[in-house]
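FYI, side chains are in, hydrogens and waters are out, and symmetry mates aren't considered; it's all heavy atoms of this structure. Here is how names work: the chains are called A, B, and so on, in the same order as the sequence lines, proteins then strands, and each is numbered from 1.
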Amino acid sequence: MASRYNPRETEKKWRARWQDAQVFRAKSSTEAGDAPKAYVLEMFPYPSGRLHMGHVRNYAMGDVVARYRANGYNVLHPMGWDSFGLPAENAAIERNADPRGWTRQNIAAMKDQFEPLGLSLDWSRELSTCEEDYYAHQQAIFLKLWENDLVYRKTSKVNWDPVENTVLANEQVVDGKGWRSGAPVESRELEQWFFRITRFNEDLLQGLEGLDRWPEKVRIMQANWIGKSRGATIRWPVAGKAPDGKTTHIDVFTTRPDTLYGASFLALAPDHPLTKAAAAANPDVAKFIKEAAALGTSEEAIEKAPKLGVDLGFTVKHPFDPDWEIPVWAANFVLSSYGSGAVFGSPAGDQRDLDFARKYDLPVKPVVLPPKADAATHTIENEAYVGPGTIYNSDFLDGLSTADAIEAAIKRLEDLELGTAATTWRLRDWGVSRQRYWGCPIPAVRCKSCGVVPVPEDQLPVRLPDDPDFSAPGNPLARHPTWKHTTCPKCGGEAERETDTLDTFVDSSWYFARFCDPKSKTPINKTEAAYWLPVDQYIGGVEHAVLHLLYSRFFARALNACGLLDLPSGEPFAGLFTQGMVTHETFKNASGQWIQPDEVEMRDGALVEISTGKPATVHGVEKMSKSKKNVVDPVAIIGDYGADVARWFVLSDSPPERDVQWSQEGVEGAWRFIQKAWSVVEASPEQDDGEATEGDALELRRLTHRVIKQVTQGIEQFRFNTAVAQLYELANAMRKAESSSAPGMGTARREAARTLAQLVSPFAPHLGEECWAKIGGDGLVATASWPVANPDLLTSNSVTLPVQVNGKRRGEIVVPKDASNDAVEQTARANPDVASHLEGVTVRKVIVVPGRIVNIVAS
RNA sequence: GCGGGCGUGGCGAAACUGGUAGACGCAACGGACUUAAAAUCCGUUUUCCUUUUGGAAGUGCCGGUUCGAGUCCGGCCGCCCGCACCA
């Protein structure tokens with residue numbers, strides 16, 4: 001009688017063995033010897049205290065890669081905690097928790113939840129960004145960047161909650177109001193710290209080209225984010241007097257100088273100096289500025305808002321025609337952070353400009369004639385024409401293509417000294433100041449006589465105080481009774497500490513380098529980093545496609561520039577994979593509240609809430625979230641079914657880059673597989689029984705070797721779902737073989753069992769070990785060398801080809817693998833199913849694709 | 001609004017560089033075993049027409065290229081993600 005596989009006992013046993021044998025400890029560059037290195041990294045988690053299925057999927061994927069690489073490579077597969085951030089402050093405010101204690105507790109709880117997953121992690125390298133031994137080094141890095149002019153201060157806008165007197169994060173702004181106070185937010189100017197990421201804009205753009213193991217879509221998103229655009233800066237002379245009484249011209253950047261003759265207005269950002277100046281004399285403008293500020297600072301909110309503007313009451317002269325005066329407006333869709341914070345509106349060629357012109361009844365003159373359109377009849381109604389074409393209605397530009405007209409217009413502007421060719425970038429410098437407690441303190445001091453002074457390196461770290469006061473809104477560091485009072489490192493006089501802390505994106509911009517030697521006395525051990533970096537495979541959510549990855553790429557370059565890192569490519573992640581989310585069905589009860597999926601069942605063909613018996617409704621498949629009550633707790637699943645089942649499930653079915661839908665049925669399917677895999681291995685014979693060279697035994701061997709090849713490829717190409725499908729096939733074939741007494745079958749089954757144990761082990765590592773032990777494998781399967789497919793068993797002497805007549809499949813022929821095209825054609829024509837479709841028609845052409853298909857064209 | 005992506009059976013999906021559409025799993029249905037159930041095992045399952053043999057249609061929609069299109073091109077529709085202070 002076959003025994004049932006018991007994950008509860010088995011999994012614990014193997015984790016203890018791995019632990020005892022220290023199999024996942026990475027060797028340093030000096031210990032490693034000849035083995036090549038493989039650095040496998042998953043984006044480290046924020047320690048919410050609760051492991052969720054998204055983590056399980058992310059780390060299961062990384063673990064497949066790391067365990068597969070363990071064969072032949074010195075693998076670094078570390079784990080740490082991205083432990084600064086807003087949630088700890090929210091907990092402090094909402095339930096009076098101490099951020100440090102709360103965070104440490106969460107880490108401990110989450111680590112406990114990680115343990116049963118059986119991940120091949122090197123915990124000896126664990127790091128946590130909120131601890132001094134991490135952030136002290138980050139402060140040292142900050143000082144180096146400062147020395148190298150990669151840090152500076154300037155004023156910029158924040159979301160200000162006027163009731164709480166505090167700065168709000170974008171996510172704390174809901175419909176233009178503070179999430180706690182409900183008060184309309186204001187945008188307020190504050191002096192803040194910036195990293196000069198734009199110094200590397202060209203290099204960050206160029207570098208994308210070399211990242212051939214990154215998803216194309218991420219590279220495109222980054223390129224668009226950096227946003228290099230070529231065009232012209234155009235100088236518009238002010239006609240008469242500007243609102244401030246002194247400005248003589250307004251500079252405007254455009255990518256479309258070819259449409260200059262279609263200009264019908266200039267639009268300035270709500271916070272452009274001239275807009276502010278106009279507000280002094282015009283209450284309408286003042287009102288407009290106030291309304292625009294209430295949108296908050298997010299680009300999304302600004303661009304989604306209905307287009308509004310106000311006439312600023314003065315005009316500028318058209319650069320090509322001094323007699324042509326154009327009104328100047330302020331408009332809420334103009335971003336002060338891009339270009340010069342001013343645009344010229346050419347409504348026929350830009351949808352936003354057109355919407356604006358229609359709303360305020362400004363002229364719309366078409367200047368670009370689309371190909372094949374007629375100049376006499378072409379008009380613009382409510383849809384702008386943004387494509388290429390021929391310029392008309394445009395004086396000296398008439399008849400030129402849009403591309404030529406851009407050049408000609410720039411040339412003329414330069415001759416008139418009213419403009420120059422220019423390149424602008426969408427990328428702005430990275431604002432890193434946060435007016436918050438739970439972050440890395442910025443090592444700077446403000447002295448009345450010396451100004452802003454860096455804290456000397458030997459006085460680091462600047463520690464966070466242990467006793468923040470969250471009883472009032474605002475930054476606890478700023479109102480701490482003693483913390484900020486210090487002496488100036490330069491003059492020794494009274495001074496105040498900087499009370500801003502660093503954006504948590506800074507913490508995650510260099511942790512991958514710290515992992516190379518997390519105990520290093522310097523921020524980064526350059527020797528170890530040179531050995532391990534770049535990360536060979538980085539895995540995480542696509543939501544980080546732009547910011548985190550771009551900041552990390554910036555950091556690698558900045559650290560190089562400061563001499564803290566030696567990574568010539570500047571690229572920290574050679575391979576990147578972005579995985580999809582874990583989703584689950586959502587349900588609501590009769591009163592419209594979200595209810596958990598397990599509170600719902602089918603009764604007489606209708607969905608009801610179990611506790612009340614009242615009808616329930618389905619609300620689609622959504623990302624697992626607490627608010628929608630569709631979260632499945634991995635700890636519970638692992639408790640019931642074991643980690644291998646959870647891992648197997650999240651890797652099955654859906655391709656890794658796509659979302660996977662959690663379902664109870666799917667979990668049970670995974671459970672069945674784990675049981676089946678164990679049972680087919682357990683049932684395999686103890687002894688070989690001769691060579692498996694023919695019949696069913698040979699077929700099983702062929703399958704085994706095909707599966708080796710496909711699973712190996714599946715892992716290397718991140719197609720875990722197809723690898724999983726192959727393992728199902730192998731297990732199914734082994735079950736079938738149990739009733740066969742073909743000669744050599746015992747040998748073939750033993751080979752299949754050994755192979756299954758090995759191939760399954762990156763996915764379901766505990767099961768892999770148990771199977772490996774059962775068939776008497778040497779040592780641990782975790783360290784066994786990966787099987788290699790025998791090429792002789794991957795090919796066969798004959799091949800089955802479909803035969804089409806006029807593109808429709810009519811029959812199938814079996815021909816020798818190396819048959820000539822003529823022979824194949826003859827066989828195909830002779831096939832009765834094919835021949836019946838050739839009666840009464842003339843064959844015009846026969847296409848033979850060797851090894852693929854035959855298509856007979858006849859009429 | 002801007003940028004990016006995705007769309008194939010009842011469901012998740014597979015299909016190498018254009019070459020037999022639907023591997024594998026889930027669900028459903030039928031059967032075996034069982035006193036019964038659970039578990040397990042075997043089989044059927046894109047749709048429509050046909051008693052069968054077989055035929056037709058079919059990869060979001062419309063059109064194009066090709067001997068041949070899920071795959072390439074153009075236009076649309078729908079859904080999802082990011083937008084700089086969430087991480």
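In summary, the aromatic rings of F44(A) and Y511(A) are positioned with their centroids under 6.0 Å apart.
Between R719(A) and rA15(B) there is a side-chain N or O to OP1 or OP2 distance below 4.0 Å. Residue N170(A) places none of its side-chain N or O atoms closer than 4.0 Å to OP1 or OP2 of rC83(B). Taking side-chain N and O atoms only, R810(A) has a distance below 4.0 Å to OP1 or OP2 of rG55(B). Residue R658(A) places at least one side-chain N or O closer than 4.0 Å to OP1 or OP2 of rG7(B). Considering only side-chain N and O atoms, R844(A) lies nowhere under 4.0 angstrom from the phosphate OP1 or OP2 of rC67(B). Proximity of S654(A) to the phosphate of rG12(B): no side-chain N or O atom is located under 4.0 Å from OP1 or OP2. Contact annotation: N159(A) does not reach the phosphate of rC85(B) (side-chain N/O to OP1 or OP2, under 4.0 Å). Contact annotation: N721(A) does not reach the phosphate of rG12(B) (side-chain N/O to OP1 or OP2, under 4.0 Å). Close to rG55(B), at under 4.0 Å from its OP1 or OP2, lies a side-chain N or O of H837(A). Within the 4.0 Å cut-off from OP1 or OP2 of rC2(B), not a single side-chain nitrogen or oxygen of R352(A) is found.
No engagement by W430(A) is indicated, since no non-hydrogen atom pair under 4.0 Å with the nucleic acid exists. K808(A) comes within 4.0 angstrom of sugar-phosphate atoms only, judged by non-hydrogen atoms across all strands, and of no base. Residue contacts shown for Q726(A) are absent, as no nucleic acid heavy atom lies under 4.0 Å away. Residue contacts shown for Q435(A) include a base, since a base heavy atom lies under 4.0 Å away. Counting non-hydrogen atoms under 4.0 angstrom, F505(A) reaches a base of the nucleic acid. Looking at heavy-atom distances under 4.0 Å, K307(A) makes no contact with the nucleic acid at all. Using a 4.0 Å heavy-atom criterion, one finds that R426(A) contacts the bases of the nucleic acid, with or without backbone contacts as well. Looking at heavy-atom distances under 4.0 Å, Q172(A) makes no contact with the nucleic acid at all. At a threshold of 4.0 angstrom between heavy atoms, the contacts of Q710(A) with the nucleic acid are absent. Residue K304(A) is in base contact, counting any heavy-atom pair closer than 4.0 Å across all strands shown. Residue contacts shown for P655(A) are limited to sugar-phosphate atoms, with no base heavy atom under 4.0 Å away.
Between the side chains of T583(A) and D659(A), no donor-acceptor pair is found at a separation under 3.5 Å.
Separating the CD atom of Q661(A) from the P atom of rC6(B) is a distance of 20 Å, rounded to the nearest angstrom.
Of the residues near RNA chain B, V167(A) and W671(A), the one whose nearest nucleotide (by heavy atom distance) lies more toward the 5' end is W671(A). Judged by closest nucleotide on RNA chain B, N855(A) is the one of N855(A) and G431(A) placed further toward the 5' end.
Base-pair partner of rG25(B): rC11(B) (Watson-Crick or G-U wobble, both distances under 3.5 Å).
Among the nucleotides rG4(B), rA27(B), rC85(B), the one closest to any side-chain atom of K217(A) is rG4(B).
In this structure, rG9(B) shows a glycosidic angle within 90 degrees of zero, which is the syn conformation.
With contacts defined as side-chain heavy-atom distances shorter than 4.5 Å, the pair W225(A)/R426(A) qualifies.
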